[in-house]
Amino acid sequence: MNELKRTDPEIYRLILDESRYQLESVRLIPSENYCSKAVLEANGSVLTNKYSEGYPGRRYYEGQRYIDQIEALTAQRACALFGAEHANVQPYSGSPANLAVYVALLKPGDAIMGLALPHGGHLTHGWDVSITGMLYRPVRYTVDRESGRIDYNLVRELAKREKPRIIVAGATAYPRELDFKAFGEIAKEVDAYFLADIAHIAGLIVGGVHPSPLPFADVVTTTTHKTLRGPRGAMVMCRKALADQVDRAVFPGLQGGPHNHTTAAIGVALKEAGTPAFKDYARQVVVNAKALADKLLERGYTLVSGGTDNHLVLVDLTHKKVTGKQAAKALDRAGIVCNYNTIPYDPRKPFNPSGIRLGSPAVTSRGMGVAEMGRIGAWMDEVITHPDDEARLAKVAAEVREWCHGFPAPGILVEDEAS
Ligand code: DSN
């Protein structure tokens with residue numbers, strides 16, 4: 001980054017500091033990852049200079065000879081990798097992708113049925129403060145209080161009663177496998193569209209360690225930067241019959257020019273995701289999440305649903321002496337980065353809830369395995385048990401920093417002069 005260093009030393013320094021932070025901490029936010037150097041290079045390329053409103057072969061600007069090829073190739077790779085009939089790779093991120101689906105398929109006032117946010121859903125699945133809960137009528141299913149799992153009989157009953165126009169299956173804090181087949185059947189029974197939002201688990205699906213919704217869903221949305229390990233962006237995949245509606249909703253319905261640098265970087269990530277090495281990574285993500293869950297269970301922690309089938313673990317701290325926020329902040333001071341999170345039926349408010357959410361994708365991308373998950377679990381327990389003991393937190397932070405240097409972070413090389 002020599003040119004950046006000369007032009008803007010302040011931003012340069014901050015990027016370097018963030019790089020070091022990403023390198024020297026244990027990153028457990030389940031929606032984060034480390035993308036490869038190749039993805040970063042495409043993302044930081046001259047493609048950012050180009051305007052391309054429209055779609056390959058039908059643009060509103062000239063000069064698309066290379067951009068068209070990049071977008072078409074990326075969309076082709078998405079279709080091949082996921083087994084989709086059509087892919088739109090232009091959405092700026094997951095929220096606009098979901099909104100585009102609603103704009104394409106619903107009228108204002110139609111009902112969206114999704115997993116309630118405090119039970120692990122997403123804002124854009126019809127939560128009140130999201131435009132999706134204002135323009136449309138939200139209907140929410142929840143997880144069972146005892147098992148922490150979705151009860152598909154209750155989902156069916158609710159769908160029959162409320163007659164949603166669309167049923168959304170997807171989550172940001174649900175540690176169990178989603179039964180896309182069941183969702184698809186329920187949607188058919190009530191004549192609703194079925195949208196699978198696979199943002200969190202796209203990489204697991206590609207890697208063959210989570211069932212795919214593609215055979216059952218009308219539309220599938222995903223971000224590209226979570227388990228899929230690409231740049232920040234999103235895609236909508238759908239049946240051919242819905243392709244025009246979806247494309248029109250993305251552009252010109254919601255967006256202007258696509259971010260061509262992001263499109264190219266998504267293309268690179270999709271190529272990487274088709275390799276045997278990616279399958280190994282996806283398998284290890286699940287193995288690692290289970291190992292971390294086991295370590296915490298062994299130390300007496302309560303986990304929502306009792307464990308995990310995927311990349312994330314939701315820890316219920318109700319019986320500990322800390323709130324989720326206190327725990328997450330103490331962990332960050334000790335070099336372990338996660339986020340505080342509501343747990344189902346949480347008596348506390350979302351800004352200071354009872355849980356923390358952990359994920360294994362980023363640490364797995366650094367080559368960490370089961371033994372390392374044990375070490376992380378032990379550190380976490382030490383910190384959560386003594387959240388106000390700053391000397392202890394500093395000691396753990398120093399250990400973590402030193403230890404992290406043994407696990408190269410894809411895409412990160414911190415130069416010597418970093419602060
Ligand atoms: N904000 C993302 C997450 O952290 O799960 C979901 O969009």
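From a predicted model like this one, the values you see are computed outputs, not experimental measurements. Throughout, numbering of the chain's residues begins at 1 and tracks the sequence. As the structure lists them, so they are numbered: ligands from 1, and atoms in each ligand from 1.
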- request: Would you check whether Glu32 reaches within less than 4.0 Å of ligand 1, judged by its heavy atoms?
  value: no

field: Thr172 N/O under 3.5 Å from ligand 1 N/O
entry: no

task: Sequence neighbours left out, what passes salt bridge (Lys or Arg N to Asp or Glu O under 4.0 Å) with Lys321? Give chain and number order.
output: none

- prompt: Are Glu298 and Lys295 close enough for a salt bridge, meaning some N to O gap below 4.0 Å?
  reply: yes

- prompt: Salt bridge or not for Arg59 and Glu53, using N-O below 4.0 Å?
  reply: no

field: Distance-only donor-acceptor check, side chains Asn288 and Ser360, under 3.5 Å
entry: no

query: Protein heavy atom under 4.0 angstrom of atom 1 (N) of ligand 1, is there one?
result: no

Hey, which atoms in ligand 1 end up nearer than 4.0 Å to a heavy atom of [X]?
X      : value
Arg357 : 3 (C), 4 (O), 5 (O)
His122 : 6 (C), 7 (O)
Ser31  : 3 (C), 4 (O), 5 (O)
Lys226 : 2 (C), 6 (C), 7 (O)

Listed pairs under 3.5 Å, donor-acceptor, residues 249-258 side chains, sequence neighbours left out:
unit_1	atom_1	unit_2	atom_2	d
Gln255	OE1	Tyr92	N	2.8
Gln255	NE2	Gln90	O	3.0

query: So, for Tyr136 and Tyr102, is the gap between ring centers shorter than 6.0 Å?
result: yes

Protein heavy atom at shortest distance from atom 5 (O) of ligand 1: His200 NE2, 2.7 Å

